[in-house]
K.L.:
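Just dropping this structure here.
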Protein chains: 2
Amino acid sequence: MDQSVICPRFEKAMGMMSQRWTGLVIYQLLTGPKRFCTLETSMGISGRVLSERLKDLETHGIVKRDVYPETPVRIEYSLTEKGQALKPIIKEIEKWSQAWLPVESD
Amino acid sequence: MDQSVICPRFEKAMGMMSQRWTGLVIYQLLTGPKRFCTLETSMGISGRVLSERLKDLETHGIVKRDVYPETPVRIEYSLTEKGQALKPIIKEIEKWSQAWLPVESD
DNA sequence: ATTAGTAAGTTACTTTATGTAAGTAATTAT
DNA sequence: ATAATTACTTACATAAAGTAACTTACTAAT
């Protein structure tokens, strides 16, 4: 019953971006590498889902995971080139929100 | 525990766009007004959720609902100016998907 | 040597969101 | 009277996300 008249690549990208938290994770990583606990507390996502999203994004080649064997261990997540290429999308969402949403939203 | 360092307007926009189906509904409406059953079958969304999404989008002033009392009744959904303003976001997603996703995706 | 602390997760369980399929209301055609 | 069509809604099932406690690996303090 899949009436996909829509371009499958577009549909895939949209499917990814419309998963809860994905956009915000990318937004956070646009300002530089971040560690797990920083993302967790700065965006209020649950560890369970953050873990899941980072794995997905890594699988899709959008996020890179680097381990620094310090003490305690430091693990940093950052955007790959493919991930950085999502910046224009985030910027357009930012522009739209500033143009069309009220400053005092409930 | 809400550590929202993020701009609340941006967060709201992102929250909307990252709800399942929202982006695809807008994508469909960018090509002109559509009726319920057309959206339903062309994108494979369930009627239950489509109904919910259209109501939300109408509440947010993004979608307009017009009733034509023909027989059987025709109801058309279209984008408002605020909704049309989302076009650049969709276009950027389209661009990214064409630049970074393989043609043959499983 | 035991206790405590920290980062990065994972696990078990609960709540919320979405899918499925059948049902409703209004109208016209047969 | 029965069937058909559109635009939904409702009841129920499954999938996704939230919550809080637990694990592993390492070090520092008692």
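Reminder, nothing fancy here: chain letters follow the sequence lines and each chain counts from 1. The structure presented is a predicted model; accordingly, all values stated were derived computationally and were not measured.
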K.L.:
Figure out the CG/C1' separation between A:L50 and D:dT19, and round it to whole Å.
P.N.:
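Rounding to the nearest Å, CG of A:L50 and C1' of D:dT19 are 15 Å apart.
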
K.L.:
Roughly how far apart are A:L101 CG and B:H60 NE2, rounded to 0.5 Å?
P.N.:
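One gets 8.5 Å once the value is rounded to the nearest 0.5 Å.
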
K.L.:
Out of D:dA17, C:dT28, C:dT20, which nucleotide sits closest to the side chain of B:S46?
P.N.:
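Among the listed nucleotides, the one closest to the side chain of B:S46 is C:dT20.
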
K.L.:
Nearest 0.5 angstrom please: B:Q28 CD to B:Y77 OH, how far?
P.N.:
15.0 Å

K.L.:
Between B:K95 and B:E92, does at least one N-O distance fall below 4.0 Å, as a salt bridge requires?
P.N.:
yes

K.L.:
Figure out the CG/C1' separation between A:D66 and C:dA7, and round it to whole Å.
P.N.:
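To the nearest whole Å, that distance equals 16 Å.
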
K.L.:
Which pair of heavy atoms, one from B:P33 and one from B:E76, lies closest together, and at what distance?
P.N.:
CB-OE1, 3.6 Å

K.L.:
Should we count CD of B:E81 as having more than 12 external heavy atoms under 6.0 Å?
P.N.:
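At most 12 heavy atoms, drawn from other residues, nucleotides or ligands, come within 6.0 Å of this atom.
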
K.L.:
In whole Å, what is the span from the CD atom of B:E70 to the C1' atom of C:dA29?
P.N.:
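It is 17 Å, rounded to the nearest whole Å.
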
K.L.:
Around B:K34, counting heavy atoms of other residues, nucleotides and ligands shown, do more than 12 lie under 6.0 Å from its NZ?
P.N.:
yes

K.L.:
When you group the ILVMFWY residues by side-chain heavy-atom contacts below 4.5 Å and let the links chain together, are A:V67 and A:L50 in the same group?
P.N.:
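In one cluster with A:L50: A:V67, yes.
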
K.L.:
Bend across the helix from C:dA1-D:dT30 to C:dT30-D:dA1, to 10°, with axes taken over 5 pairs at each end?
P.N.:
30°

K.L.:
Please determine whether a side-chain nitrogen of the Lys or Arg among B:K55 and B:E58 lies less than 4.0 Å from a carboxylate oxygen of the Asp or Glu.
P.N.:
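Salt bridge flag = no for B:E58 with B:K55.
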
K.L.:
Report, as a single string ordered 5' to 3', how protein heavy atoms within less than 4.0 Å touch nucleotides 4-15 of chain D: B base, S sugar-phosphate only, - not at all.
P.N.:
-BSSSBBB----

K.L.:
Would you tell me if any nitrogen or oxygen in the side chain of B:T71 comes within less than 4.0 Å of OP1 or OP2 on C:dT28?
P.N.:
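Checking C:dT28 against B:T71, a side-chain N or O does come within under 4.0 Å of OP1 or OP2.
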
